[in-house]
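Working notes, structure below.
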Amino acid sequence: MLKLLLIYLSQAQWARNMVQRWGFARRTAARFVAGESLDEAVEVVHTLHQKGICTTLDHLGENVTTKENARLAADEIIHIIHRLSDDGVCSGISIKLSQIGLVLDPGLCEENLLRVMEEARQKKIYIRIDMEDSGLTQMTLDLFKKVRDGGFSDNVGIVIQASLYRSEGDVKDLLKEDSKIRLCKGAYKEPSNIAYPRKKDVDGNFDRITKLMLDRSMEIGSRISADGGVPPLAAVATHDPQRVDFAREYAEEIGLEKTGLEFQMLYGIREELQASLNKEGYSVRVYVPYGTEWYPYFVRRLAERPANLWFFLSNLVRR
Ligand code: FDA
């Protein structure tokens with residue numbers, strides 16, 4: 001019930017207008033968001049890099065409402081590409097297609113995405129297309145496949161959500177072309193006719209899909225690139241120790257090298273698990289969000305774990 005309320009609040013404009021003005025909310029969000037500027041985010045990228053951890057940067061923002069803002073969002077992504085390339089750090093970029101116009105005008109979104117991909121290819125920066133709510137799943141997959149097949153397969157990947165019934169089929173289809181996949185549980189509230197309502201079924205599907213990805217990784221000998229910039233085919237994005245153990249044990253069972261599997265986690269969450277996997281020799285990539293539009297991202301993190309809400313409320317009491 002609380003989770004549903006928070007997911008609703010993450011999308012409510014009135015709540016965003018109110019909460020973004022609160023200084024203590026911004027300070028609490030700083031646990032999950034690397035800062036409001038690119039400079040602050042790059043500082044975090046450098047710190048993680050020094051620990052041997054790669055990153056993927058996310059300039060926060062979704063569902064832009066004007067074509068001009070969609071173009072500006074693509075311009076900003078291109079700016080990040082240049083900054084990462086100049087700095088020479090091991091970081092890619094995660095983007096949401098609704099940020100560059102998918103809901104507004106799919107044609108404009110495609111144009112923006114191609115602009116981003118051209119630049120990313122030139123500068124050798126890897127782009128991961130995040131997955132949003134189920135209303136955008138098919139359009140996101142279609143556009144991903146278009147760029148993948150349009151000459152960008154080396155530096156683009158997609159995200160799949162284990163919560164959706166369709167995902168196992170989507171993964172089988174994506175693996176036919178050896179698409180790089182980040183598997184996550186899914187952060188959006190979806191109806192039971194399209195998504196598993198019970199956590200244990202989402203977890204079961206997560207493990208099934210992990211197996212499919214690891215088997216294919218093994219067959220084609222997929223590995224992270226030498227400089228760490230391009231992840232292997234299989235990226236397991238979770239903080240759930242049981243899902244991590246399953247992936248690790250299955251990879252060992254089939255003889256997949258550690259460089260053939262990447263674990264991905266969010267900035268500020270389960271840092272001790274990130275460090276121990278990194279120490280064991282796995283590639284670990286941290287998703288580093290930044291920007292002024294932190295509200296929906298932050299409230300989704302609260303929804304995932306009620307303890308985070310108490311952390312937020314205790315900051316409110318202490319302010
Ligand atoms: P689960 O929610 O079962 O949590 C397992 C354990 O992890 C918890 O018990 C807790 O200890 C810890 N944990 C989880 N969330 C926490 C939090 N917010 N704060 C503190 N501890 C927490 N989703 C999506 O729909 N589209 C996308 O493109 C992406 N992209 C993405 C990239 C990366 C790198 C990650 C790690 C995740 C995503 N997600 C996402 C989010 C994902 O779908 C999911 O909502 C979160 O990862 C939480 O689910 P877990 O797999 O961690 O498991």
Heavy-atom count check: over 12 atoms from other residues, nucleotides or ligands less than 6.0 Å from Gln242 CD?
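Check fails, neighbour count at 12 or below.
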Does a sphere of radius 6.0 Å around NZ in Lys258 hold more than 12 heavy atoms from other residues, nucleotides or ligands, not counting ones at 6.0 Å or beyond?
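Enclosed: over 12 neighbouring heavy atoms sit under 6.0 Å from NZ of Lys258.
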Can you list everything that forms a side chain to side chain donor-acceptor pair (under 3.5 Å) with [X]? Sequence neighbours excluded, please.
{"X": "Ser192", "answer": "none"}
{"X": "Ser167", "answer": "none"}
{"X": "Thr47", "answer": "none"}
{"X": "Asp203", "answer": "Lys185, Lys199, Arg243"}

For the backbone of [Y] and the side chain of [X], can you confirm whether one donor and one acceptor N or O come within less than 3.5 Å of each other?
{"X": "Gln274", "Y": "Ile269", "result": "yes"}
{"X": "Arg285", "Y": "Ser91", "result": "no"}
{"X": "Glu262", "Y": "Val236", "result": "no"}
{"X": "Arg166", "Y": "Thr137", "result": "no"}
{"X": "Gln264", "Y": "Arg182", "result": "no"}
{"X": "Ser85", "Y": "Ile81", "result": "no"}
{"X": "Gln99", "Y": "Ala74", "result": "no"}
{"X": "Asn69", "Y": "Val64", "result": "no"}
{"X": "Asn155", "Y": "Ile125", "result": "yes"}
{"X": "Ser217", "Y": "Gly260", "result": "yes"}

How many angstroms lie between [atom1] in [X] and [atom2] in [Y], if you round to the nearest 0.5 Å?
{"X": "Lys189", "Y": "Gln11", "atom1": "NZ", "atom2": "CD", "answer": "12.0 Å"}
{"X": "Glu111", "Y": "Ile100", "atom1": "CD", "atom2": "CD1", "answer": "10.5 Å"}
{"X": "Thr66", "Y": "Asp105", "atom1": "OG1", "atom2": "CG", "answer": "12.0 Å"}

Mind checking what makes ring-ring contact (aromatic ring centres under 6.0 Å, His included) contact with Tyr282, not counting sequence neighbours?
Phe263
Can you list the residues that meet the ring-ring contact (aromatic ring centres under 6.0 Å, His included) rule with Tyr267, with sequence neighbours excluded?
none
With salt bridge (Lys or Arg N to Asp or Glu O under 4.0 Å) as the criterion, how do Glu280 and Arg248 come out once you've worked through the C-alpha distance, each side chain's angles and the decisive distance to 0.1 Å?
CA-CA 11 Å; Glu280 275 181 53; Arg248 199 210 247 137; 2.7 Å; yes
Taking the hydrophobic residues Ile, Leu, Val, Met, Phe, Trp and Tyr, and joining any pair whose side-chain heavy atoms are under 4.5 Å apart, which ones share a cluster with [X]?
{"X": "Ile7", "answer": "none"}
{"X": "Tyr196", "answer": "Tyr165, Val202"}
{"X": "Tyr126", "answer": "Val230"}

Minimum heavy-atom distance [X]-[Y], with the two atoms named:
{"X": "Ala41", "Y": "Ala34", "value": "CA-CB, 4.0 Å"}
{"X": "Leu233", "Y": "Ser179", "value": "CG-O, 3.6 Å"}
{"X": "Asp130", "Y": "Thr140", "value": "O-CG2, 3.9 Å"}

Assess whether side chain to side chain donor-acceptor pair (under 3.5 Å) is satisfied between Asp215 and Tyr250, documenting all intermediate values.
CA-CA 9 Å; Asp215 283 339; Tyr250 188 70; 2.7 Å; yes
Could you note down all residue pairs passing salt bridge (charged side-chain N to carboxylate O under 4.0 Å, His left out) where residues 38-52 supplies at least one of them, sequence neighbours left out?
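Every salt bridge (charged side-chain N to carboxylate O under 4.0 Å, His left out) pair that includes a residue of residues 38-52, provided the two are not neighbours, is Asp39-Arg83.
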Got a list of side-chain donor-acceptor pairs under 3.5 Å for residues 289-296, not counting sequence neighbours?
unit_1: Tyr290; atom_1: OH; unit_2: Glu76; atom_2: OE2; d: 3.1
unit_1: Glu293; atom_1: OE1; unit_2: Arg16; atom_2: NH1; d: 2.5
unit_1: Trp294; atom_1: NE1; unit_2: Glu36; atom_2: OE2; d: 3.3
unit_1: Tyr295; atom_1: OH; unit_2: Leu9; atom_2: O; d: 2.7

Looking at [Y] and [X], is there a salt bridge between them, counting it only when a charged N and a carboxylate O are closer than 4.0 Å?
{"X": "Glu119", "Y": "Lys123", "value": "no"}
{"X": "Asp58", "Y": "Arg128", "value": "no"}
{"X": "Glu118", "Y": "Arg121", "value": "yes"}

Which of these, Leu136, Ile158, Ile129, sits in a side-chain contact (heavy atoms from CB on, under 4.5 Å) with Leu141?
Ile158
Looking at Val103, Leu114, Leu97, Leu104, which one forms a side-chain contact (heavy atoms from CB on, under 4.5 Å) with Cys109?
Leu97
Contacts satisfying side-chain hydrogen bond (donor to acceptor under 3.5 Å, both in side chains) that involve residues 223-239 (not counting sequence neighbours) are Arg223-Glu257, Ser225-Asp227
Run Glu177 and Arg148 through salt bridge (Lys or Arg N to Asp or Glu O under 4.0 Å) and show every step you take.
CA-CA 9 Å; Glu177 299 299 326; Arg148 179 199 64 193; 5.0 Å; no
Examine Arg301 relative to Tyr297 and say whether NZ or CZ is less than 6.0 Å from the centre of the six-membered ring and inside a 45° cone about the ring axis.
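Yes, a cation-pi geometry.
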